[in-house]
Novice: 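Structure incoming, see below.
Each chain gets a letter, A, B and so on, in the order the sequences are listed, and its residues count up from 1. Scope of the values below: all heavy atoms of this structure, side chains included, with no hydrogens, waters or symmetry mates.
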Amino acid sequence: MCLIKKISLLLMISILFSMFSGCFDRREIDELAYVMAVGLDKGKTNALRMTLQIAIPSAATGGGKENGGGEGGSESSYEITVETPTIYSGINIANTFVSRQLNLSHTKALIFSEELAREGVKPYINAITRNREFRPDMNVLVSKTSAEKFIRNVKPRLEANTARYYELTLAGFNYTGFIANTDFHKFYRQSVAIDQQPVAILAAVSSYEGSEDIKLEDSTYKDKGRDLPFEGDFKAGKIPNSGGLKAEVMGLAVFRGDKMVGELDGEEAGMYLMATGEYNYSSMTFLDPVTKNNFIVLNVKQSRMPQQRIKMEGDNPHIYTKLILEADIMSIQSGINYEKPENLSKLEEAAENSIKEGMLRYLNRTARELNSDICGFGAHLKKNFLTWQDWVKFDWPGRYKDCKFDVEVDLKIRRPGLMVRTSPPNS
Amino acid sequence: MRDIKKMLKELFLFNEPKKDDKFILKETEEEKNQIKKEEIEIKQEQQKKKRDRSVIKKLFDPNEEKYASSESKEQKTKQEDDHSQPKEYISKHLHENLDYMKKVFYVPENGDIVIREFAVTLKKDKVAEAFIILIDGMIDRTIINTNILQPLMLLSNIEIEQREDEVGEQVKKRLLPHNQLKVTTKFDEVIEEVNFGGVGLFVDGSEIAFVCDVKGWEHRGIERPNTEIIIRGPQEGFNEVLRCNTALVRKILKDEDLVAENASLGRRSKTPCSILYIKDIANDDLVKEVKRRIKSIKTDYVIDSGMLEQYLEDHTFLPAPQIIATERPDRVAAALTEGKVAVIMHGSPFALIMPATNYDLMHSAEDAFLRFPYTNFLRTIRIVAIFMSLLLPGLYVAITNYHHEMIPTDLLLAIEAAREKVPFPSVVEILIMEFSFELIREAGIRIPGPIGPTLGIIGALILGQAAVAANIVSPILIIIVAVTGIGSFAIPNYSLAIAFRILRFVYIFLGAISGFLGITTGLFIQGLWLTSAKSFGVPFLAPFAPRTKGGFADELTRAPIWKQETRPDYLNTKDLKKQPKISREWTQAEEKTKKQNEENKNADNSKE
Amino acid sequence: MNKKIVFGNWEAITVIINMICTKIFISFPRFMVEDAGTASWLLTIYISILAFIGFYIISGLYKGFEGKDPIELAELAAGNTGRVAAGIVLTLLMLYFTAYHLRLYAENLKIISLSISPISYVMLFFVTGMLVSAKTGLESLVRLHSIYVPVIATGYLIILLAVLPLFRFENILPVLGTGPYEIFIKGFSRLSIFAELILLFLMAPYLRSNRNLKISGYTALGFSCFFLLTGAITYIGVMTYPVALERILPIYPMSRLIDYGRFFQRIESVFVFIWAGAGLLYISVAFYFCLEVFRKTFRLEYSRPLALPFAAIVSTIALLSPSLMASIQIDSQYFRRWSWILSFGLTIIILMAARIKKSRKATEKNPTRC
């Protein structure tokens with residue numbers, strides 16, 4: 001008898017327990033609103049103008065049949081903007097008019113406006129690091145147009161779910177090489193480190209309405225001494241396209257510490273990836289070494305990590321980089337039979353020279369113009385120091401601008417695609 | 001009020017632990033004498049303690065003593081009453097015996113008691129009255145007619161020159177050609193045998209009675225086992241007849257060391273049962289303990305081994321069973337060779353194997369018959385199934401209520417969209433579905449014949465479908481509940497499956513009150529509960545906690561059959577090895593023959 | 001005691017590993033970084049060697065005191081006063097272990113998952129586990145270790161392996177971090193990381209022989225050093241120097257970085273399982289020995305009636321410190337600097353005293369020998 005009583009007492013206690021604990025941390029999934037992206041601009045009336053992109057689950061899963069059939073498909077997310085002194089006060093404000101409690105644990109992108117980034121992002125990234133809801137794998141973007149405008153233009157066509165749009169678009173560097181992986185943890189780590197400076201993905205809203213509007217005024221091809229812009233000679237916002245999403249990403253924003261100091265275009269972003277060893281594969285365009293006016297397209301892969309050495313020549317560091325690349329032929333416009341082993345070396349040499357030139361141009365730009373060691377060469381120098389104090393005293397960030405660079409590229413063409421020889425056109 | 005006070009006191013105040021001598025399986029035989037001494041000492045101490053305690057109790061609670069004394073008095077008087085009636089020894093006079101038997105069996109009222117009176121010719125002119133007593137329906141009539149009545153009544157006319165006072169001897173030696181004959185002087189034995197399908201024979205002028213075993217009742221034949229269905233391996237199952245079952249085991253183990261000791265259970269049912277063990281393998285202490293427990297059970301009736309299991313087990317409240325019930329003779333035989341003890345009960349097709357550890361419960365009878373990789377694959381699946389059936393709904397509740405960041409975004413939005421129109425919190429939702437699933441399962445057993453499973457499936461389908469359509473539950477939850485249900489069917493042991501079905505609700509509750517922390521605490525406490533448990537002196541999580549040898553040989557996973565050389569370490573068997581280090585001698589044969597050849601050659605050379 | 005508990009080496013090893021290594025989850029790698037900067041791994045190796053030396057000395061001194069725990073030894077050395085003094089010190093040590101970890105585990109769990117629940121509510125789960133284990137006793141507790149600790153260790157190693165792609169060798173340079181003085185002189189006091197080794201000596205009566213004590217001690221220390229070293233080196237290699245100073249829970253942010261494709265990520269909540277499991281085991285063992293030491297000190301017959309009052313005391317002590325930062329400060333600046341004196345120093349002193357007393361007795365018995 002006593003046992004039954006004991007059990008019933010335990011049951012009673014546990015039921016009571018659950019009743020008053022029910023109000024602590026338990027949140028049903030459908031009591032929360034999930035923020036997909038957070039955009040931060042300089043506020044007009046306050047310190048910040050914060051834009052939150054909130055997922056609409058019924059549309060995101062295609063489940064809401066009633067919602068479908070609107071013009072431009074059902075919207076999978078909607079955006080709200082608040083003027084606020086800090087991030088969390090903004091979320092507080094937003095919570096008053098969004099019916100569900102905002103939850104940031106599925107945020108995929110953090111977007112700063114260029115203006116804010118140039119002033120410094122330290123106050124905001126500190127707040128974000130401290131909160132467990134923000135995940136370290138969300139990407140950091142810098143928008144050339146206002147962050148609000150960028151987020152409002154993210155209306156994915158292919159994906160029902162905005163989160164997937166961010167995940168896939170921002171992982172696109174694996175096959176384009178025009179942006180980089182700039183997850184928040186990396187960004188934060190590099191913003192406090194002295195051996196490497198952070199970068200963020202450059203984003204913008206396209207400035208062209210239709211195909212007729214496309215102009216080349218902002219392309220960087222002239223600086224590189226080209227007659228025509230190659231695919232990488234653009235930055236976000238000026239990509240010559242129409243019809244896709246207005247929101248686009250290309251190039252990188254370069255930071256020194258927590259302040260943005262400059263931009264890289266698509267090609268330089270590729271060089272950044274190659275120099276850090278994160279380059280996966282993408283097609284690159286080269287000028288034909290013989291005819292000089294035809295194009296050759298190679299699919300370039302980075303087969304091994306780059307070999308890097310730093311020597312100190314007096315007070316000036318001398319950085320030596322060797323890139324080891326592989327390539328497959330994708331297109332030979334001129335019809336010259338480059339597949340022939342004798343000719344192949346010509347092609348390889350041309351590609352090597354082109355990449356070397358681009359690399360040197362990029363490295364010199366980071367040192368002289370941007371003065372920011374985003375490739376992390378400083379890490380190689382650390383082994384010369386015994387203690388951390390010595391390393392800090394050395395003042396690497398201050399010395400980077402005096403670096404000399406030496407680049408060697410070792411590119412091997414491995415496969416010709418489906419064609420093993422090129423027949424010249426019969427003319 | 002007072003009860004609650006008392007209960008709270010018991011919960012929160014300290015009670016001196018009862019010093020009961022818990023049985024622990026000790027290691028070697030050398031220690032035996034020591035153990036005996038200790039046991040005796042402990043018992044003496046206990047008695048002392050009891051006396052002491054009763055003194056203390058007297059001080060505080062004078063009523064207690066009165067109760068106890070009055071009870072014992074009642075018992076005494078009852079016993080006296082009982083003892084005044086029964087006669088112990090058989091009388092020389094037949095009519096006394098007859099009267100007594102009639103009284104014992106309530107003959108005029110009792111319809112199925114048959115008493116057949118007849119005469120036996122002992123000498124030419126000397127005729128002795130006799131009668132047989134039997135219960136109709138429990139005996140084989142032809143045997144009685146041809147082997148007992150015929151020789152006594154007809155063949156006794158052959159001339160014999162012997163004196164009167166050796167009537168019994170004469171009947172036994174000359175007149176009764178039946179093979180299973182028991183001679184006794186006590187009524188109790190006769191009654192017992194008659195109750196169990198024997199026939200009692202009383203002859204006038206003799207102080208002994210004969211009991212012939214002529215059991216011949218109707219019973220089920222040997223069929224396929226119903227609950228432990230396997231694909232590979234023998235397909236015989238136990239039935240309800242004790243001797244038939246023991247014979248099935250002996251058929252597999254043709255070992256003269258296999259002992260089947262008899263015992264009987266229940267004051268009224270007097271169910272016979274057999275304690276099976278292999279004399280030169282099983283630990284003596286274990287056998288003694290099993291016998292001690294069985295013989296000490298005082299109850300009216302034990303009908304099935306399921307009841308016996310409850311009387312024998314160590315921990316009543318432990319969720320997991322501590323004795324394996326199986327209806328497969330091959331499984332019993334395998335357990336016996338490992339050094340375990342089996343109890344087979346008359347009237348139950350389930351034999352009990354003890355001791356059992358947690359890992360035994362995860363084994364299927366088939367495991368030993370399948371090849372090494374298959375068995376390990378199946379065992380892995382089973383372990384996964386066990387964890388799923390125990391934890392999956394709890395984890396679902398914990399994740400959807402506390403750990404949203406864990407779900408991939410796409411899935412999260414899908415769950416959110418599915419839950420959009422569901423009015424209940426997910427805990428209630430999952431409780432509704434789990435409850436209806438249990439309902440279908442329970443009802444499916446009751447529904448007669450072939451409709452059962454059909455209704456189960458249709459019920460589940462329609463219920464799930466309708467519940468989703470009516471926005472009572474979300475579709476993802478149906479998947480969770482279904483997977484959990486299937487997982488619980490994959491658990492080989494029926495009792496364990498039920499245990500996990502109950503515990504599942506606890507984990508749902510824990511997951512709902514604090515997410516993963518609650519579930520971890522639950523696992524921790526359940527772990528403590530299981531590790532502190534013992535089954536016949538063997539720690540319940542034996543080869544892993546405490547760690548002993550051979551945990552991976554045939555407990556959690558199974559080593560190749562030629563590598564399973566030792567019996568389970570925790571059983572402390574007399575014979576440690578199952579097979580020598582090299583059990584497949586053919587693998588060595590070639591080298592050996594080579595060596596032998598070389599030796600022969602050398603020998604030849606030296607001879608030359 | 002009427003029934004003597006005895007358990008095997010494996011159980012003892014797992015208990016000690018868990019006791020020493022749970023601090024990887026809550027503080028250890030950060031402590032190392034705080035002291036030695038990028039050379040945190042070097043400091044770990046250094047203190048591991050020190051711990052081995054310490055254990056070598058103690059196990060050497062243990063000769064002739066088979067199956068005796070420090071309290072019994074103190075009684076041998078200085079009679080009842082010695083026993084009570086040593087017992088009180090050790091009880092306080094165990095109380096600190098229990099209370100501090102109770103607070104820290106509850107606080108940290110509040111940080112990573114139950115942010116709104118009151119601290120007492122989170123603590124309630126740990127206290128429940130602690131009380132249940134005090135009821136079921138040491139035997140089932142150590143058995144539970146022998147099952148759970150391998151699972152926890154596997155989970156921990158999986159986390160480390162999964163973040164290995166983010167490991168950069170350059171991050172553990174410069175080699176000497178904050179400098180040799182910080183590492184080798186100031187770092188000596190970090191031997192207190194191994195303060196929990198005292199439990200091994202308290203478990204000596206259950207281990208029967210000195211040989212078992214030695215085997216379990218060395219194996220447990222070996223495994224612990226391996227786990228500590230891998231934890232320290234992965235933490236500094238993945239999180240990099242200045243960031244590594246900031247993180248309150250060292251392994252948790254690392255588990256958040258695990259990202260293999262779009263599906264196999266966000267698994268840090270699973271971390272709660274191994275983390276809370278390790279915490280429950282730690283707190284239960286510390287609490288059990290707290291009761292046990294107290295019982296032995298005052299020669300009580302049962303330790304179970306102490307459970308509820310002690311649980312109340314432990315919870316109160318745990319809630320004493322006003323903030324999490326204050327508790328971490330106390331642990332890092334005071335306790336983990338000086339507790340080696342208690343666990344290694346005290347044991348050695350007691351052993352020496354007992355040895356001297358014993359030899360003196362021996363000489364008194366047969367003075368002709370010397």
Novice: With a 4.5 angstrom heavy-atom cut-off, could you sort out which part of C/Thr14 is near chain B: side chain, backbone, both or neither?
Specialist: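 Neither; nothing under 4.5 Å.
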
Novice: Pick from B/Ile407, B/Leu517, B/Ile525: which one has the most heavy-atom pairs with chain C under 4.5 Å?
Specialist: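 Most pairs with chain C among the choices: B/Leu517.
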
Novice: Non-hydrogen atoms of chain C under 4.5 Å away: do they reach the side chain of B/Leu530, the backbone, both or neither?
Specialist: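 Neither part.
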
Novice: Angle class for the C/His101/C/Tyr282 ring planes (parallel below 30°, perpendicular above 60°, tilted otherwise)?
Specialist: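 Geometry flag for C/Tyr282 against C/His101: tilted rings.
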
Novice: Answer yes when C/Glu292 and C/Arg295 have at least one side-chain N-carboxylate O distance shorter than 4.0 Å, and no when they do not.
Specialist: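 Salt bridge between C/Glu292 and C/Arg295, a charged N being under 4.0 Å from a carboxylate O: yes.
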
Novice: What part of C/Leu109 gets within 4.5 angstrom of chain B, counting heavy atoms only: side chain, backbone, both, or neither?
Specialist: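 Side chain only.
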
Novice: For C/Leu281, is it the side chain, the backbone, both, or neither that has a heavy atom closer than 4.5 Å to a heavy atom of chain B?
Specialist: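 It is both, since atoms from each part get that close.
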
Novice: Of the backbone (N, CA, C, O) and the side chain (C-beta and beyond), which part of C/Phe7 lies under 4.5 Å from a heavy atom of chain B, both, or neither?
Specialist: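 Answer is neither: C/Phe7 stays 4.5 Å or more from chain B.
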
Novice: Could you check whether C/Tyr206 and C/Glu139, counting side-chain N and O atoms only, form a donor-acceptor pair closer than 3.5 Å?
Specialist: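 No - no donor-acceptor pair under 3.5 Å links their side chains.
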
Novice: Heavy-atom distances under 4.5 Å only: say whether C/Val122 touches chain B with side chain, backbone, both or neither.
Specialist: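 Its backbone and side chain both get close to chain B.
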
Novice: Let's test your reading of the structure: which of C/Gly277, C/Ser133, C/Gly8 forms the most heavy-atom pairs below 4.5 Å with chain B?
Specialist: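 It is C/Ser133.
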
Novice: Checking B/His403 side chain against B/Phe516 main chain: does a donor-acceptor pair fall under 3.5 Å?
Specialist: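 At least one qualifying donor-acceptor pair exists.
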
Novice: Can you find a pair of side-chain heavy atoms, one from B/Asn283 and one from B/Leu571, that are under 4.5 Å apart?
Specialist: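 Side-chain contact under 4.5 Å: no.
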
Novice: For B/Val538, is there any backbone N or O sitting under 3.5 Å from a side-chain donor or acceptor partner on B/Ser535?
Specialist: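 No, because the side chain of B/Ser535 does not come within donor-acceptor range (under 3.5 Å) of the backbone of B/Val538.
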
Novice: Sort C/Leu114 into side chain, backbone, both or neither according to what part of it lies under 4.5 angstrom from a heavy atom of chain B.
Specialist: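 The side chain, not the backbone.
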
Novice: What residue in B/Leu528, B/Ile399, B/Ile519, B/Leu523 has the most heavy-atom pairs under 4.5 Å with chain C?
Specialist: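 If we count pairs closer than 4.5 Å to chain C, B/Leu528 comes out on top.
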
Novice: Once rounded to the nearest 0.5 Å, what's the spacing between atom CD1 of B/Ile386 and atom CZ of B/Arg382?
Specialist: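 Rounded to the nearest 0.5 Å, the CD1-CZ separation comes to 8.5 Å.
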
